[in-house]
Asks: 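Handing you a structure now.
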Amino acid sequence: MKRTLAGQLSEHIGEEVRLVGWLHHTRALGKIAFIAVRDRTGIAQGVVLNPDKIDVSVLKKESIVEVIGKVKAEKQVRKGVEVEVLSVKTLVEPVAEIPFEISRSLSKLNLKLDAILDHRAFCLRNQELSAVFPVQAEIVRSFSEFMREKGFLEVHTSKIVSAGTEGGTALFPVQYFEQKAYLAQSPQFYKQMLVGAGYERVFEVGFVYRAEDHATSRHINEYLSLDFEVGFIDSYRDVIELEKEFLVRMIENLGANCKEELETLKARLPEIKDIPEIRLKDALEILERDYGRDTAGMTDLDPQGERELCDYVLKNTGSEFVFVTHYPAEARPFYTMSDPDNPDLTLGFDLLFRGLEVTTGSQRIHDYKMLVDNIRKFGMDPADFEFYLEIFKYSMPPHGGLAIGTERFTQQILGLSNIREASFFPRDRFRLTP
RNA sequence: GGGCCUGUAGUGUAGCUUGGUUUAACACAUCUGCCUGUCACGCAGAAGAUCGCCAGUUCAAAUCUGGUCGGGCCCGCCA
């Protein structure tokens, strides 16, 4: 008999069906019993009217069962439909006691993150914990779909690189035969090179690796980076406009396609009308004036400053997003284009969302000589970057791009308290398994 | 790399300040019995913990001290 999924029961009223799934729970009340079977589409309830013949008490929670029964509409059930059980059979029985209850809501379970991650796959049987990932998948899908529509080519660049090129962050060394190599911290160089190769517009969805020795609720050492790079721009603002348009589309898609998950997680989507842009200098003045901060010597917002600025923007404009622009050159990577009106500043920007940085982007330097000079200015040797610089010799168009941290974005959209909840199998300072 | 906090049945917590009425308490899960509409079912009962580990102080340590291992958060840095 063909399998019917829990989510399809209402289409089969009056029919005999076969449900297969995990045993969510049983409720035996004497002369009547209930059995809840969970599959990828949800939970179906079966009612047992002859518990003297069908004993649900022998079934083990989280075993895989097959239930055959007749579907009927029933207003005493929350979902309005249930299966009158004719037979129940255990197909696979657990060989160990489950580590903890997962059929309830998280607020009742009160699980520590560490316990969740230690039993990650099992925990994803919980509706709330698993609901994070269809939302994340929709974020990623929206990105790919939007980029393709805009004429971008999807690319995949190597995650094994020869040098710690970009500076700043620490890299994971790997032994590459007799050579020393590193895990890529970003596809930055490659996506620029592919713009110069003639594709003009490229995007990439891929893991990047950072050996930063941090332990916070917003950092993991491997994260999924949504990158794009676009050629023939007039200014960094073209990059910002693309991201705005993408954000609007993504929020629309989430509202349309992730309704249930968002409800399960009690998440509220942001409304995007317009996203304000504030120069870093002005942002620091706001912190100084309205939040009593001493911003002397600050070349970037600290986490507290990010939260305060978002608070300010929300109160004054109603936006939960804000672009911060014109960071000083010393605070940005060497390939960032300087502001022609003030060479100490860059045409680089960050996007803050609900108090947290979720994107970094900029217009890049496309002039070969300027780029080489800048590498020297940063105290590095252009010879080490020859593989990257070569294409710049043969005419690069003005270009720019950005990167979005997927897990961080997911965390902020869903209001998760720790970024690890937005990663299936997070890699952090101490966790390498599962 | 710097700072703060934390570790008690399968899970989540209380007890620790002020060492001794603690036979280490409670909730959920587990097991047994009862229950015809449960869906956080209800009721009655049972089992389950050498209080992370090691050492010290003491007549006496879950409780105090030191070390060690694990975990969480913040900062720096970043997405």
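Lettering of chains follows the sequences in order, A, B, ..., and the numbering in each one begins at 1.
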Asks: Would you indicate which nucleotide in B/C73, B/G12, B/A79 comes nearest to any side-chain atom of A/Ser217?
Replies: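 My answer, after comparing the listed nucleotides, is B/C73.
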Asks: Which residue pairs pass the ring pair (Phe, Tyr, Trp, His ring centres under 6.0 Å) test when at least one of the two sits in residues 18-52 of chain A, sequence neighbours left out?
Replies: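 Found none.
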Asks: Taking only the side-chain heavy atoms of A/Arg78 (C-beta and beyond), determine which of B/A40, B/G37, B/G76 contains the nearest atom.
Replies: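 Comparing B/A40, B/G37, B/G76 against the side chain of A/Arg78, the answer is B/A40.
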Asks: Measure the distance from CZ on A/Arg429 to C1' on B/C78 and round it to the nearest whole Å.
Replies: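 Going from A/Arg429 (CZ) to B/C78 (C1'), I get 16 Å.
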Asks: Just compare B/C78, B/G37, B/C75 and give me whichever is closest to any side-chain atom of A/Leu29.
Replies: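 Ranking B/C78, B/G37, B/C75 by closest atom to the A/Leu29 side chain puts B/G37 first.
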Asks: For A/Tyr236, enumerate each residue passing the ring pair (Phe, Tyr, Trp, His ring centres under 6.0 Å) test, keeping only those at least two apart in sequence or located in another chain.
Replies: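 Testing A/Tyr236 for ring pair (Phe, Tyr, Trp, His ring centres under 6.0 Å), a comparison that skips the adjacent residues, returns A/His326.
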Asks: Applying the Watson-Crick and G-U wobble criteria at under 3.5 Å, what pairs with B/C43? Answer none if nothing qualifies.
Replies: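 Partner of B/C43: B/G33.
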Asks: Can you check the A/Asp300 CG to B/C78 P distance for me, whole Å?
Replies: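 Nearest whole value for this atom pair: 7 Å.
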Asks: Return the nearest nucleotide to the side chain of A/Phe100; candidates are B/G76, B/U11, B/C73.
Replies: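 The answer is B/U11, which lies nearest to the side chain.
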Asks: Just say parallel, tilted or perpendicular for the rings of A/Phe353 and A/Phe321, cut-offs at 30° and 60°.
Replies: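 Ring orientation of A/Phe353 relative to A/Phe321: parallel.
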Asks: Which whole-number value in Å describes the distance from A/His119 NE2 to B/U11 P?
Replies: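 One finds 7 Å between P of B/U11 and NE2 of A/His119, rounded.
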Asks: Do A/Phe228 and A/Phe203 have ring centres separated by under 6.0 Å?
Replies: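 A/Phe228 vs A/Phe203: aromatic centres not under 6.0 Å.
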